[in-house]
Amino acid sequence: MGNRTIVPFGPQHPVLPEPIHLDLVLEDETVIEAIPSIGFVHRGLEKLVEKKDFQQYVYVAERICGICSFMHGMGYCMAVENVMDLKLPDRAEFLRTIWAELSRIHSHLLWLGLLADAVGFESLFMHCWRLREEILDLFDMTTGGRVIFSVCKVGGVRKDIDAEKLKKIVEVLSNMDSSLRSITKIFLSDTSIISRMSGVGVLSPEEAFDLGAVGPMARASGIVVDDRLLGYGAYPHVKFEVQTATEGDCYARTKVRINEIFESISIIKQCVSLMPSDTAIDVPVKGNPDGEYFARLEQPRGEVVYYVKGNGTKFLDRMRVRTPTFANLPPLLHTLKGVDLADVPVLVLTIDPCISCTER
Amino acid sequence: MNMIKKSPWILHYDGSSCNGCDIEVLACLTPLYDVERFGIINTGNPKHADILLITVSVNEQNIPVVKQLYDQMPNPKAVVAVGICAATGGIFKECYNVMGGIDKVIPVDVYVPGCAARPESIIEGVVKALGVLESKRKANEE
């Protein structure tokens, strides 16, 4: 038995854009245990429902996280709409789906860049983020914001995307295809990247299930879970495949996310071609929410659950979010045991941690 | 670009922000905006940094971290508060775990507005901070 050392990891660390602190208990170079300590990003915004009314709270919900901001707003709106029995016009559902899938592409490209940075492949990081800017330009064109859009509202969406802009979205995505393929090919075939990821942090399907992994983390272990199959938004109208892999290691997680980018592009193209021609994008909201509802939807990082309880006044009684990173932390701590210290940054990144979601 | 006397290195810390400003800070470093052409590099080490880019509203947990990062930076140094949360607490001002702007803990030289702050305005903030650095350096020499 070697010497035991404790290495602090974070809260300010080059691979982490966000603060989380792990105490890594090492025996020689091997991690024996990882003890997380959190609370650096906790704001307490669930309690804010008592001070902002249910319409205003959409803005707060969007700012739970800046990366999947649109889907947070969408999840909250879905929950409130179900409490209030609002049936959205089809066009609103399609628009939401387009923005949600664009967000998924942007989030996965961002993550691929960070992963390249973590394995020390700086130029690949730059290429991923260059491609991501094209998606951000689409957001800028359709909503006026680059990361936080505020286009979702209870009862629909605020802005329409006209036919010309829809055409432009398809055009940009089609043009991206070849450069996207050449970049993702590097991730999947470069020897040095494979040697950093293959066989690192293996999570078996049983462990993934028992520890409650969600999203790409669970899918990379061979579990077919995808909340888009529940059929919210425009997903019942489009065809898509749930991307899975069987290895359960860092490489499999990368592969799943890369395949999801292409799947998202196909979903957006289908949405554009199936877009309903009626012009209504919202329904009038009358009264206040009374009742409770759980809304589930698939974010880039996995399943997010929104619980909303209204009491008939304009202020909600309770709002609760369960975010994907929160669900993926136990599998992460489990897989950290037994890996080399040098593999920790890559492994932490492959769950695509979003701390500001987790701590709210 | 003769006005830039030195290439400032940046230390970025995310306190309790929503990530929006943080990914925009990173976007500044990547090809579209590419501040690296001016020699501006994002460093992970406070002892190498000239400018602290901070996107937080402070809470009890991160006050020691922010103070420590600030103290570890060598003089002269400048602090840029990015986003409305770093200035006042912004939309989260009324949250129980948000104590307000970053200026409650460390002195701030430049405030960058926006929610989320756009890369253009972050770059402008850093350029302003360069002027602050220069005047601090002159004051030190005297």
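Within every chain, numbering begins at 1; the chains are lettered A, B, ... in the order of the sequence lines, protein sequences first and strands thereafter. Computation of the quantities below employed the complete heavy-atom set of this structure, encompassing side-chain atoms and omitting hydrogens, waters and symmetry-equivalent molecules.
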Original post:
Of the backbone (N, CA, C, O) and the side chain (C-beta and beyond), which part of B/Cys85 lies under 4.5 Å from a heavy atom of chain A, both, or neither?
Top reply: neither
**OP:** Identify, with sequence neighbours excluded, every residue that meets ring-ring contact (aromatic ring centres under 6.0 Å, His included) alongside A/Trp111.
**Re:** none
Subject >> B/Arg118 bridged to B/Glu124 by N-O distance under 4.0 Å >> reply: no
Original post:
Are any of the side-chain heavy atoms of A/Arg257 and A/Ser107 separated by less than 4.5 Å?
Top reply: no
**OP:** Inspect the surroundings of NZ in A/Lys47 and state if more than 12 heavy atoms from other residues, nucleotides or ligands are less than 6.0 Å away.
**Re:** no
Original post:
Can you tell which of B/Asn62, B/Val98, B/Asn59, B/Leu29 has the highest number of heavy-atom pairs within less than 4.5 Å of chain A?
Top reply: B/Asn59
**OP:** For chain B, find its close neighbours in residues 65-72 of chain A: heavy-atom separation under 4.5 Å, sorted by number, or none.
**Re:** A/Cys65, A/Gly66, A/Ile67
Subject >> Lys/Arg-Asp/Glu bridge criterion (N-O < 4.0 Å) met for A/Arg130, A/Glu133 >> reply: no
Subject >> side chain to side chain donor-acceptor pair (under 3.5 Å) against A/Arg158, all qualifying residues, sequence neighbours excluded >> reply: A/Tyr59
Subject >> Which of B/Ala116, B/Cys21, B/Gly90, B/Cys95 touches chain A most, by non-hydrogen pairs under 4.5 Å >> reply: B/Cys95
Original post:
A/Phe54: what forms a ring-ring contact (aromatic ring centres under 6.0 Å, His included) with it, not counting sequence neighbours?
Top reply: none
Subject >> Region of A/Leu45 in contact with chain B, defined by heavy-atom distances below 4.5 Å >> reply: both
Original post:
What do you reckon, is CZ of A/Phe326 surrounded by more than 12 foreign heavy atoms closer than 6.0 Å?
Top reply: no
